[in-house]
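Worksheet: one structure, shown below.
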Amino acid sequence: MKKILLLEGIHKVARDILEEQGFYVEEEKGAFASEEDLINRAKGFHALGIRSKSKISQGVLEKLQPHLEVLGAFCIGTNQVDLEYANQCGVPVFNAPYSNTRSVAELVIANIISLARHLGDCNMKAHKGIWSKTAIQRHEVRGKVLGIVGYGHIGSQVSVLAEALGLKVIYYDIVKKLPLGNAEAKESLEEVLKEADFVSFHVPETHLTKGMMGINQFRQMKEGAYLINASRGSVVDISALVEVIQSQKLRGAAIDVFPKEPPNNKEPFVSELQGLPNVILTPHIGGSTEEAQKAIGQEVALSLTQFFKRGSTSGAVNFPNLEVPPIKDFRRIINVHKNVPGVLGEINKIVSENSGNIQAQHLATDTHIGYVVMDIGGCEIQKVAQEISQLKTSIRTQVLEHFHEGA
Ligand code: NAI
């Protein structure tokens, strides 16, 4: 039975799913302060589930061999894991990059209405005992133009929700993207900036997006427009934003991500934007909801299940991706090997020498490794796997014969 250790208070749904699938699960509420403690606790487990605080270095991976077969990062980022070394050990790493898409999209919608009605300032004043009732420069969002920059998972969700509110959506993406609903693609960022009442950024951090919203871009925006950034802190030049808010070129902004963010809730937060009118500042909470945590738990638990039961590596961040069907009447061998010429020939030779019949064979490779999943019959599978594992090129070889779907 595969043994799985979950650390850092991963959502309960993950344990429920994994146990239901017949795995043995243990849990720890927190992360380990030292690598040594982590290694001692995780030794012998076949899978490790972590969030952002557990650092999985080369040293940790080395010590957890040969048992550790797979890592579940129950979060979005995977910087805490030495992905390259995990790849070379034949350990796929799964995360859940899109589980919080809806949460971010909903925050953006909340921001659009809040900016149009100056809710942030009204709320702050009311708490201080100031009655500040006015209709001047307060607007409905119906009929206004929302410009989305980056029409990926989040951008396109925002598009759908915004249209339901009666906004007209235009967008710009470097890749050609199918417009949803009545949204309209624009050829350039400039076109979006010129036409939109609200501009919302949903791009990743790349060399092209760093500082993509600077003073020249702000100057191209409509008078009295609003800016929203819930993507990455490096995308918007904060000093330029301060300038256009102070000059009243822009009527407000909602910022959830910053170039420099406190590492935890105990450290102070400092920004040039503090104290500016109709500027909503939130502590990178776009994806922080219980629903997103649950979705992360479900997604990664499913990836671990499909890896153990089928050998599927679809969605792994550091591994050749293979989506394979459930095991039916055959038995399955998975093999991770060094990506050098001739490996598949050697593997197939072993199967044929054992009078095995290959029913299906799937192969995917990356720079360093190759990953093959094959269904075979008519031979002694443990013997075949043993011989394949002896090849000089083999990194990890396993038989999946005991794991049938829905065990
Ligand atoms: P995605 O990868 O699905 O979409 C990004 C889109 O941006 C793609 O369509 C891509 O083609 C486009 N793009 C890339 N470079 C571009 C450029 N130079 N100009 C125009 N378009 C460009 O990513 P997803 O999931 O929609 O996430 C978007 C951003 O949201 C990411 O930066 C992510 O880190 C951030 N995010 C923020 C959260 C928060 O808590 N505030 C939570 C989750 C994600």
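Start at 1 and go down the list; that is how both ligands and their atoms are numbered. As the structure is a computational prediction, the values presented were derived from the model and not from experiment. Residue numbers count from 1 along this sequence.
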Is the positively charged end of Lys177 above the ring of Tyr151, judged by distance under 6.0 angstrom from the centroid and angle within 45° of the axis? no
[X] heavy atoms, cut-off 4.0 Å: which ligand 1 atoms fall inside?
X: Asn100; result: 42 (C), 43 (C)
X: Lys177; result: 8 (C), 9 (O)
X: Asp256; result: 39 (C), 40 (O), 41 (N)
X: Arg232; result: 32 (O), 34 (O)
X: His284; result: 39 (C), 40 (O), 41 (N)
X: Met212; result: 19 (N)
X: Val175; result: 11 (O)

Atom pair [atom1]/[atom2] of [X] and [Y] - distance to nearest 0.5 Å:
X: Asp366; Y: Phe319; atom1: CG; atom2: CZ; value: 8.0 Å
X: Thr397; Y: Leu391; atom1: OG1; atom2: CG; value: 7.5 Å
X: Arg219; Y: Lys249; atom1: CZ; atom2: NZ; value: 9.5 Å
X: His67; Y: Leu48; atom1: NE2; atom2: CG; value: 14.0 Å

Residues Ile50 and Val81: closest non-hydrogen pair is CD1-CG2, 3.8 Å
Closest protein heavy atom (residue, atom, distance) for [atom]:
atom: atom 35 (C) of ligand 1; value: Ser231 O, 3.5 Å
atom: atom 3 (O) of ligand 1; value: His153 ND1, 2.6 Å
atom: atom 37 (C) of ligand 1; value: Ala230 O, 3.2 Å
atom: atom 18 (N) of ligand 1; value: Thr209 CG2, 3.6 Å
atom: atom 31 (C) of ligand 1; value: Val203 O, 3.4 Å
atom: atom 14 (C) of ligand 1; value: Pro204 CD, 3.4 Å
atom: atom 28 (C) of ligand 1; value: His202 O, 3.4 Å
atom: atom 4 (O) of ligand 1; value: Gly152 CA, 3.2 Å

Pick from [options]: the one approaching [atom] most closely through a non-hydrogen atom:
atom: atom 26 (O) of ligand 1; options: Thr101, Ile154, Leu107, Ile285; answer: Ile154
atom: atom 10 (C) of ligand 1; options: Ile174, Ile255, Val235, Asp173; answer: Asp173
atom: atom 38 (C) of ligand 1; options: Val104, Val149, Ile76, Leu189; answer: Val104
atom: atom 19 (N) of ligand 1; options: Tyr98, Tyr172, Tyr171; answer: Tyr172

Cationic N near anionic O, under 4.0 Å, Lys125 to Asp121: no
Whether Arg41 and Glu26 form a salt bridge (side-chain N of Lys/Arg under 4.0 Å from carboxylate O of Asp/Glu) is what I want to check. yes
Give yes or no for whether the N/O distance cutoff of 3.5 Å, strictly under, is met between Gly287 and ligand 1. yes
CA sep, side-chain torsions, deciding dist, call: Gln58, Glu62, side-chain hydrogen bond (donor to acceptor under 3.5 Å, both in side chains): CA-CA 6 Å; Gln58 174 169 344; Glu62 268 167 8; 3.1 Å; yes
Distance-only, no hydrogens or angles: does the Asn87 side chain make a donor-acceptor pair with backbone N or O of Gly90 under 3.5 Å? no
Return yes when atom NZ of Lys194 has more than 12 non-hydrogen atoms of other residues, nucleotides or ligands closer than 6.0 Å, and no otherwise. no
Over 12 foreign heavy atoms within 6.0 Å of CG, Asn264: yes
Tell me which part of Thr206 gets within contact of ligand 1: side chain, backbone, both or neither, using heavy atoms under 4.0 Å. neither
